[in-house]
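No hydrogens, no waters, no symmetry mates; every other heavy atom, side chains included, goes into these values. Position 1 is the first residue of the sequence, and the numbers go up from there.
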Amino acid sequence: MEEKTKCLVLIGAGALLGSITATVVLRKLLTPSGATLQSSNKAKSNGKAALYTPAVEDNSYVKEKMYDEDTAGLLKDDIVSEQLTRNIQFFGFDAQQKVTASYVVVIGLGGVGSHAASMLLRSGVGRLLLVDFDQVSLSSLNRHAVATRTDVGTPKALCLKNHFLSIYPECHIDAKVLLYDDSSEEEILSGDPDFVLDCIDNIDTKVALLAACVRRGLKVLSATGAGARADPTRIRVADLRESTNDPLSRSVRQRLRRDHGIEGGIPVVFSLEKPKAKLLPFKGPNGDEENPSDYQVVPGFRVRIIPVLGTIPAIFGQIMASYVVTQLAEFQVHMEPIVNFDMDHYRVLHQRLIEHEELIYGTSVHVQVDIEEVMYVAKELWHCRSAKDQSTKEVGRGMWRSVNELMLVRWDRSKPASVWNLILLKFTEADEHESSTLEDIEENEPEFFRRVTSTLKRAELDFGS
C-alpha cells in the first residue's frame, strides 16, 4: 500500500511538471533521497551535528558515483540531463556536452569566487578545483554564495565542496586549502584545465598567477576590485589594458608589464565606477589605530577592511561564470566594447561617410545608415578601431584621439553603404581599400577577409536584409 501511494504521488508530480522525463527523474531520485535522509537521521541519533554535510559526505553511493563516472558521459544520466535541461535547450546537447566535460580551476573563494564557482557548478561543469587558504568568517556572510553561520571557521574550499555535493554530486570536485604561490603552482595549475578563474584580491599573488597562466598557455579570466562599489550597470568584461577607474587592475597591469613583459591579452571583469570608499583604518584590540602588517597571518595580505556591498562581488562572480561557460560551449557572445565616444563622434563619422560617398560615387543617395546605425557599426562591429587592427593598443584618451584618423567606407563597392557593408578604417587604409578588389583582399589578406565577412554577416543577421 505504501509503495502504491509513492507511485501515485510520483505520477501526480510528473503530471504537474508536464513531463514523462520528470516523472522518471523523480522516481530515480527517491532512493538517493531516502539514503540521505537515513544518513542524516543516523547522525542525529548518534548525537552528531547534522548541518548539511554528513548526509552527503557519508553517502558512499554519491561519493563512488562522483569519482568513478567519466565527466564526458554525465549527460547520459537521466537525473543530470534533467537538471541541466534548460542549459541543453539554450546551448544544444553537443555544446552542453563540452561544458560538462570541462575542467575549471577557481582560485580565491570569497564574494566573487564563491558565486563564480557556484554558477559553474550549476551550469554543469564536470570537474572543479576550488582553491583558497582562508576560512569563512562571520563578516563574509554578506557576500558569500552558500556559506551559513554554521560554516564560520570552516575553510572556504571545503565549505563550497560540502554544499556543492548536495547540488550536483556527479561533479568531480577537488578542494585545496592552499595559498597560491610559486611552490604550489604546479599542484594547482597542472592537469591542463580548460579555464582558470583568478578571484584573488592580493596583488602579488594575482600577478604571479596571471603570469603563470600566460606562461603555461592557459585560458584565464581575472576579477579586479569589486569592493566599495554600488552600480551594477558599470561592470564590464574587457582586456586588462582597457580597465579603468580601478586601482587594483592598474597595479596589476604595471607589475605584469614591468616584471613579466606582459602588455595585455588577459580578459578581466572590472567596474567603470570609481570606488566609493577606501580601506578603513585598522584598530587593534584596545581600539587604537595600529600597523596592520603586525597582524598579518600571511605576509602581503591585507587585514584592513574594504567596505563591500555584497551584491557587487556576487554580480562579478556571475559574470565570470557566464563568460567561462559560453566560452566552454563555444557559444559566441559579443561583449560590449569599452568605448569613450559620444554622439558627436558618431556624427563626425556619419558626415565623413556622406562626404566620401559624394567624392567617390558623385552622390550620397546610397548611404543607408543614420547616426544611430553609425554608432552600431563603429562601436558594436568594429569597437571604434580600424577593422585592420582590432587590438587594444589605443585605450582611454588614445582611443578618443584615434577618431580623428578613422572613417567608414563600403566593404563591397557594388553594394550600398548599409549597416552590413561598412567597415571602419584609417584614412590611409581607406585609400588602399578603394583601389583594391575583394578578390585581391581574399588572396593577399585571407585572415582579414574572413574576419570582416564574418562580422558583416553578423550585422546582417542582427538587422535583417
A.B. asks: State which residues pass salt bridge (Lys or Arg N to Asp or Glu O under 4.0 Å) with Glu186; sequence neighbours excluded, sorted by chain then number.
C.D. replies: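 Partners of Glu186 by the salt bridge (Lys or Arg N to Asp or Glu O under 4.0 Å) criterion, ordered by chain and then number, come out as Arg216.
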
A.B. asks: Okay, side chain of Asn421, backbone of Lys415: is any donor-acceptor separation there less than 3.5 Å?
C.D. replies: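 Yes: the side chain of Asn421 pairs with the backbone of Lys415.
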
A.B. asks: Could you check whether Asp194 pairs with Lys219 (Lys NZ or Arg NE/NH1/NH2 to Asp/Glu carboxylate O, under 4.0 Å)?
C.D. replies: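 Result for this pair is no, no salt bridge flagged.
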
A.B. asks: Tell me every residue that passes salt bridge (Lys or Arg N to Asp or Glu O under 4.0 Å) with Glu429, counting only those two or more places apart in sequence or in another chain.
C.D. replies: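 Per chain and number, Glu429 pairs via salt bridge (Lys or Arg N to Asp or Glu O under 4.0 Å) with no residue.
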
A.B. asks: Could you give all pairs that pass the salt bridge (Lys or Arg N to Asp or Glu O under 4.0 Å) test and reach residues 433-443, with sequence neighbours left out?
C.D. replies: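 Applying salt bridge (Lys or Arg N to Asp or Glu O under 4.0 Å) to every pair that reaches into residues 433-443, excluding sequence neighbours, yields nothing.
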
A.B. asks: Anything under 30° is parallel, anything over 60° is perpendicular, the rest tilted; go ahead and classify Phe331 against Phe91.
C.D. replies: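 The rings of Phe331 and Phe91 stand perpendicular, inter-plane angle above 60°.
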
A.B. asks: Rounded at 0.5 Å granularity, tell me how far OG in Ser436 sits from CZ in Arg413.
C.D. replies: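 If we round to the nearest 0.5 Å, Ser436:OG and Arg413:CZ are 8.0 Å apart.
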
A.B. asks: With Asp134, which residues qualify under salt bridge (Lys or Arg N to Asp or Glu O under 4.0 Å), at least two apart?
C.D. replies: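 Counting only residues at least two positions away or on another chain, Asp134 forms a salt bridge (Lys or Arg N to Asp or Glu O under 4.0 Å) with Lys156.
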
A.B. asks: If you look only at distance, which donor and acceptor atoms sit under 3.5 Å apart when one is on a side chain in residues 255-273 and the other is two or more places apart or in another chain?
C.D. replies:
residue: Arg255; atom: NE; partner: Asp259; partner atom: OD2; Å: 3.2
residue: Arg255; atom: NH1; partner: Asp204; partner atom: OD1; Å: 3.0
residue: Arg255; atom: NH2; partner: Asp204; partner atom: OD1; Å: 2.9
residue: Ser271; atom: OG; partner: Glu273; partner atom: N; Å: 3.1
residue: Glu273; atom: OE1; partner: Ala230; partner atom: N; Å: 3.0
residue: Glu273; atom: OE1; partner: Asp231; partner atom: N; Å: 2.8
residue: Glu273; atom: OE2; partner: Ala230; partner atom: N; Å: 3.3
residue: Glu273; atom: OE2; partner: Lys276; partner atom: NZ; Å: 3.4

A.B. asks: Decide if the gap between the ring center of Trp411 and the ring center of Phe448 is smaller than 6.0 angstrom.
C.D. replies: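 Between Trp411 and Phe448, the centre distance is under 6.0 Å.
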
A.B. asks: By side chain to side chain donor-acceptor pair (under 3.5 Å), which residues pair with Gln254, not counting sequence neighbours?
C.D. replies: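 Per chain and number, Gln254 pairs via side chain to side chain donor-acceptor pair (under 3.5 Å) with no residue.
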
A.B. asks: Taking only residues at least two apart or on different chains, which pairs with a member in residues 318-332 satisfy side chain to side chain donor-acceptor pair (under 3.5 Å)?
C.D. replies: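 Of all non-adjacent pairs touching residues 318-332, those that pass side chain to side chain donor-acceptor pair (under 3.5 Å) are Lys98-Glu330.
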
A.B. asks: Run the salt bridge (Lys or Arg N to Asp or Glu O under 4.0 Å) test against Arg215 and tell me which residues pass, sequence neighbours left out.
C.D. replies: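 Partners of Arg215 by the salt bridge (Lys or Arg N to Asp or Glu O under 4.0 Å) criterion, ordered by chain and then number, come out as Glu185.
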
A.B. asks: Would you give the length of the straight line joining atom CG of Asp192 to atom CG of Leu218, rounded to the nearest 0.5 angstrom?
C.D. replies: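 The CG atom of Asp192 sits 7.0 Å away from the CG atom of Leu218.
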
A.B. asks: Would you list the atom pairs, donor with acceptor, under 3.5 Å between side chains in residues 108-118 and any protein atom, with sequence neighbours excluded?
C.D. replies:
residue: Ser114; atom: OG; partner: Gly110; partner atom: O; Å: 2.6
residue: Ser114; atom: OG; partner: Ala145; partner atom: N; Å: 3.0
residue: His115; atom: NE2; partner: Arg143; partner atom: O; Å: 3.0

A.B. asks: I'd like to know if Arg236 pairs up with Glu242 as an ion pair, taking the criterion as any Lys NZ or Arg NE/NH1/NH2 lying under 4.0 Å from an Asp or Glu carboxylate oxygen.
C.D. replies: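 Looking at Arg236 and Glu242, the cut-off is not met.
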
A.B. asks: Is it true that the side chains of Ser249 and Ser243 contain a donor and an acceptor less than 3.5 Å apart?
C.D. replies: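 Distance-only check passes for Ser249 and Ser243.
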
A.B. asks: Can you name the residues that form a side chain to side chain donor-acceptor pair (under 3.5 Å) with Glu187, not counting sequence neighbours?
C.D. replies: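 If we apply the side chain to side chain donor-acceptor pair (under 3.5 Å) test to Glu187, skipping adjacent residues, the hits are Lys176.
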
A.B. asks: What residues, two or more places apart in sequence or in another chain, satisfy side-chain contact (heavy atoms from CB on, under 4.5 Å) together with Glu432?
C.D. replies: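 For Glu432, no residue satisfies side-chain contact (heavy atoms from CB on, under 4.5 Å) once neighbours in sequence are set aside.
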
A.B. asks: How would you list, by chain and number, every residue that makes a side chain to side chain donor-acceptor pair (under 3.5 Å) with Ser139, sequence neighbours excluded?
C.D. replies: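 For Ser139, the residues satisfying side chain to side chain donor-acceptor pair (under 3.5 Å) (neighbours in sequence not counted) are Ser137.
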
